[in-house]
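What follows is a set of notes on a single structure, which appears directly below.
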Amino acid sequence: MNKDEILKASRNENQNRDIYGIEIIRKGQRIGGLIGLIAAFTLMFTERIILENGTNYGYFLIIFSAAAGLFIYKAVKLKKKHEIMIASIYIIMAVYSAVMVVLGYIG
């Protein structure tokens, strides 16, 4: 193979995507998710401990839904029992949080 054939094969394989750019986006998503978790836990702590308002399950719903989405995607792509089990746990916790939120609205 000459230089042009190797370059063409690489472009076909990567579909003209910039691997460095993809990694930057992935890292940005991880950092964004972490910041979201920190913000949710900070609000939960403020409402529960400082303001003594009780537990707001809406924050749990946000956290568990995001985690469930991540692990559902990983389970579908990797098809590993471990990922499926973790995804199932997060789904159950997200559904429980959603039920608690609805019950909180009902009274």
Once rounded to the nearest 0.5 Å, what's the spacing between atom [atom1] of [X] and atom [atom2] of [Y]?
{"X": "Y90", "Y": "L70", "atom1": "OH", "atom2": "CG", "result": "8.5 Å"}
{"X": "L37", "Y": "T42", "atom1": "CG", "atom2": "OG1", "result": "10.5 Å"}
{"X": "H82", "Y": "I84", "atom1": "NE2", "atom2": "CD1", "result": "11.0 Å"}
{"X": "S88", "Y": "M93", "atom1": "OG", "atom2": "CE", "result": "11.5 Å"}

*With sequence neighbours excluded, what pairs up with F64 under the ring-ring contact (aromatic ring centres under 6.0 Å, His included) test?*
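Only F60 meet the ring-ring contact (aromatic ring centres under 6.0 Å, His included) criterion with F64.
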List the atom of [X], the atom of [Y], and the distance in Å for their closest heavy-atom pair.
{"X": "L61", "Y": "S65", "value": "O-OG, 2.6 Å"}
{"X": "V101", "Y": "Y57", "value": "CG2-C, 3.5 Å"}
{"X": "I63", "Y": "A40", "value": "CD1-CB, 3.7 Å"}

Under 4.5 Å between side-chain heavy atoms, hopping through other hydrophobics if needed: is there a path connecting [X] to [Y]?
{"X": "F41", "Y": "Y59", "result": "yes"}
{"X": "Y96", "Y": "V99", "result": "yes"}
{"X": "I62", "Y": "I91", "result": "no"}
{"X": "L103", "Y": "M44", "result": "yes"}
{"X": "I72", "Y": "V95", "result": "yes"}

*Kindly state each residue pair satisfying salt bridge (Lys or Arg N to Asp or Glu O under 4.0 Å) with at least one member in residues 68-82, sequence neighbours excluded.*
K74-E83
